[in-house]
Each structure stands twice: as C-alpha cells, then as structure tokens.
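These numbers were taken from a predicted model, which means no experiment stands behind them. Each chain gets a letter, A, B and so on, in the order its sequence line appears, and its residues count up from 1.
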2 protein chains.
Amino acid sequence: MAAPDNLSTIASYVAHAEARDWDAFDQLLHPEVVYEIPQTRERLVGRERLRAFNTAYPGDWHLALAESYADDSGGTARLEWRLGVGETGTAIVFFRFDQVGLVTRITDWWPEPYEPPPGREHLIERW
Amino acid sequence: MAAPDNLSTIASYVAHAEARDWDAFDQLLHPEVVYEIPQTRERLVGRERLRAFNTAYPGDWHLALAESYADDSGGTARLEWRLGVGETGTAIVFFRFDQVGLVTRITDWWPEPYEPPPGREHLIERW
C-alpha cells in the first residue's frame with residue numbers, strides 16, 4: 001500500500017470535521033495551509049482562518065467519506081454531504097501534503113446538478 | 001509506488017482522448033464499461049456507446065491531465081479542459097478498474113463557476 005499516512009490523514013480530516021473536533025482537525029494542517037474554492041475564486045490562508053470559516057459555515061451539515069486516493073505528496077477524497085434532513089450532494093477535495101504529512105493545500109469542488117445539452121438522448125440514458 | 005498500471009491507464013485515457021485515438025482508448029476499457037455524469041443523471045453502458053458519445057461531442061475540445069491518484073481498484077484524475085480558443089475549466093474523473101486493469105466505470109464531474117453566498121467576505125478573499 002502506498003502513502004498510508006496521507007490516506008489516513010484524509011480519513012481523519014473528514015471524521016474530525018464531521019465531529020466538529022476542530023483541535024484534532026487543526027493538528028492535521030500546516031499552520032499556513034491554503035484553502036481554495038476555484039468555482040467561486042475564494043482563497044484563505046492559515047488554519048485559524050480556516051477554523052473561523054468552518055465554524056461559521058451555516059446549517060446542520062454532515063460529511064461522509066465515499067472514496068479516497070493518495071500518494072506521497074497529494075490526494076483526493078469524494079465526500080457525500082448532507083444538509084439538514086433533505087439536501088444531499090457530492091464534494092470533491094484535493095489535498096497537498098508536506099514531507100511530514102501535514103496538509104498544506106485544500107482545494108474544494110462543489111459540483112451542482114445541471115440539465116444536459118440536447119442532442120445526445122439517443123446515446124445516453126438518464127436516471 | 002502503488003498501482004503504477006492504473007495511474008498509467010489514467011494518463012493513457014486522457015492522452016488517447018486528446019489524440020482522438022479511439023481504438024487505443026477502447027483498449028483501456030472493459031467492453032461493458034459504465035460511464036456516468038451524476039450532475040445530469042446520465043449513464044451509458046458499453047464502449048461502443050461511449051465511443052459514439054465521445055466522437056459526437058461538439059466543439060474543438062482539448063484535455064490535459066493536471067494530477068492523478070490511484071490504488072489497485074480505483075483512481076481519480078483532475079483535468080484541465082479547453083474549448084476552442086477561449087473557454088477553459090476543470091473536469092474531475094473517477095475510475096474503477098478490474099483485476100486486469102481495464103476500466104469498468106468512469107464517473108465524470110464538471111464543476112461550474114458560481115457566486116459565493118454572502119456573509120463570509122471577512123474570512124476569505126477572492127481572486
């Protein structure tokens with residue numbers, strides 16, 4: 001198995017966020033961690049700011065790890081999120097790790113449902 | 001290094017698509033490969049249908065592999081796509097592989113830009 005520590009860090013990242021255990025969460029992060037959401041062109045730097053962002057995030061949100069992959073310097077996680085009792089969706093997170101396994105960069109993707117373009121109904125089915 | 005063959009298959013998948021070398025592309029795939037776009041709830045089964053879908057895809061599209069991770073049974077790729085001369089974006093692909101390394105499932109994600117919700121401007125900057 002490759003990079004068991006980084007895979008374990010990804011699992012802990014999700015578990016600590018779900019548990020709102022922000023002290024344990026912070027211990028996974030480099031102090032100057034960079035957090036980005038490319039879809040909104042948002043970026044913050046530093047785990048204090050990230051904690052403020054996460055603890056201020058509105059709603060009764062929940063996260064579960066669906067699958068993850070990693071190597072010695074980076075990795076990905078697909079998360080199933082739930083907001084309250086009804087709303088659900090997928091988030092995809094990319095990570096960068098330093099040599100001692102601290103998270104130096106987090107890139108969040110929040111893909112939204114959309115309607116497919118017309119013209120391919122004969123090739124592909126919808127569920 | 002873990003799962004070098006699956007990482008190599010991911011790189012070939014992108015390279016063969018970019019080159020429109022659909023014969024080489026097909027050789028990476030299980031005959032009954034499942035292709036899904038969860039955001040549109042679209043699904044097709046079989047590499048013949050996938051080839052028809054890919055070759056019918058409109059526009060002068062280009063793909064480049066930005067990063068990838070894999071283990072013995074799955075993997076992820078982040079792709080930078082370009083359409084014509086101007087439009088660019090990110091696609092994220094998840095793969096499943098069978099025991100001989102053929103791709104059995106492809107899940108495409110196409111995250112779109114959106115405006116961030118108000119109320120967090122004091123915590124996060126935009127670029």
Side-chain angles (χ1 to χ4, degrees), chain A residues 1-4 6-7 10 35-45 48-58 66-78 89-96 107-117 119-127, chain B residues 1-4 6-7 10 35-45 48-58 66-78 89-96 107-117 119-127:
Chain A
M1 293 304 295
N6 290 343
L7 276 179
I10 291 173
Y35 172 76
E36 290 186 343
I37 308 174
Q39 289 167 276
T40 55
R41 297 172 287 110
E42 289 178 298
R43 177 187 295 133
L44 63 75
V45 179
E48 290 79 9
R49 284 206 156 217
L50 183 56
R51 185 193 285 226
F53 180 80
N54 280 329
T55 56
Y57 206 92
E67 61 183 314
S68 60
Y69 306 98
D71 63 18
D72 292 341
S73 58
T76 323
R78 180 170 63 85
T90 295
I92 301 164
V93 191
F94 284 84
F95 298 91
R96 302 296 297 172
T107 307
D108 268 5
W109 297 91
W110 302 93
E112 292 279 342
Y114 64 91
E115 285 301 304
R120 62 199 201 191
E121 303 84 353
H122 59 301
L123 294 172
I124 197 161
E125 293 170 357
R126 299 192 73 190
W127 76 78
Chain B
M1 296 303 294
N6 290 344
L7 277 179
I10 290 173
Y35 171 75
E36 290 186 342
I37 309 175
Q39 290 168 275
T40 55
R41 294 172 288 112
E42 289 178 298
R43 176 187 295 132
L44 64 73
V45 179
E48 290 80 10
R49 284 206 156 216
L50 182 57
R51 185 193 283 226
F53 179 80
N54 280 330
T55 57
Y57 206 91
E67 62 184 314
S68 59
Y69 306 97
D71 64 18
D72 292 341
S73 59
T76 322
R78 180 170 62 85
T90 295
I92 301 164
V93 191
F94 284 84
F95 298 92
R96 301 297 297 173
T107 308
D108 268 5
W109 297 90
W110 302 92
E112 292 280 342
Y114 64 93
E115 285 302 304
R120 62 200 201 190
E121 303 85 352
H122 60 299
L123 294 172
I124 197 160
E125 294 170 357
R126 300 192 71 190
W127 77 79

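With chain A as partner, the option from B:Pro111, B:Pro113, B:Ser68 having the largest number of non-hydrogen pairs under 4.5 angstrom is B:Pro111. Residue with the most contacts toward chain A among B:Val45, B:Thr40, B:Leu44: B:Thr40 (heavy-atom pairs, distance under 4.5 Å). Among the candidates A:Arg49, A:His122, A:Arg43, A:Glu125, the residue making the largest number of heavy-atom pairs closer than 4.5 Å to chain B is A:Arg43. In terms of heavy-atom pairs under 4.5 angstrom with chain B, the leader among A:Pro58, A:Gly119, A:Gly74, A:Gly89 is A:Gly74.
Contact of A:Arg120 with chain B is made through the side chain alone, with heavy-atom distances under 4.5 Å. With a threshold of 4.5 angstrom between heavy atoms, A:Arg96 approaches chain B through side-chain atoms but not through N, CA, C or O. The contact between A:Trp109 and chain B is made entirely by side chain atoms (from C-beta outward), counting heavy-atom distances below 4.5 Å. Proximity to chain B is absent for every atom of A:Leu50, based on heavy atoms less than 4.5 angstrom apart. With a threshold of 4.5 angstrom between heavy atoms, A:Ala56 approaches chain B through side-chain atoms but not through N, CA, C or O.
Nearest heavy atoms, B:Gln39 versus B:Trp110: OE1-N, 2.6 Å.
Here OG1 of A:Thr76 is found 9.0 Å from CZ of B:Arg78. Values are rounded to the nearest 0.5 Å. Atom CG in B:Asn6 sits 16.0 Å away from atom OH in B:Tyr69 (nearest 0.5 Å). For the atom pair CG (B:Asp71) and CG (A:Asp71), the distance works out to 12.0 Å, reported to the nearest 0.5 Å. Atom CD1 of A:Ile37 and atom CZ of B:Arg126 lie 10.0 Å apart (nearest 0.5 Å).
Between B:Ile124 and A:Phe53 there is a side-chain heavy-atom pair separated by less than 4.5 Å.
Using modelled atom types and a 3.5 Å distance limit, the side chains of B:Glu112 and B:Tyr114 yield no donor-acceptor pair.
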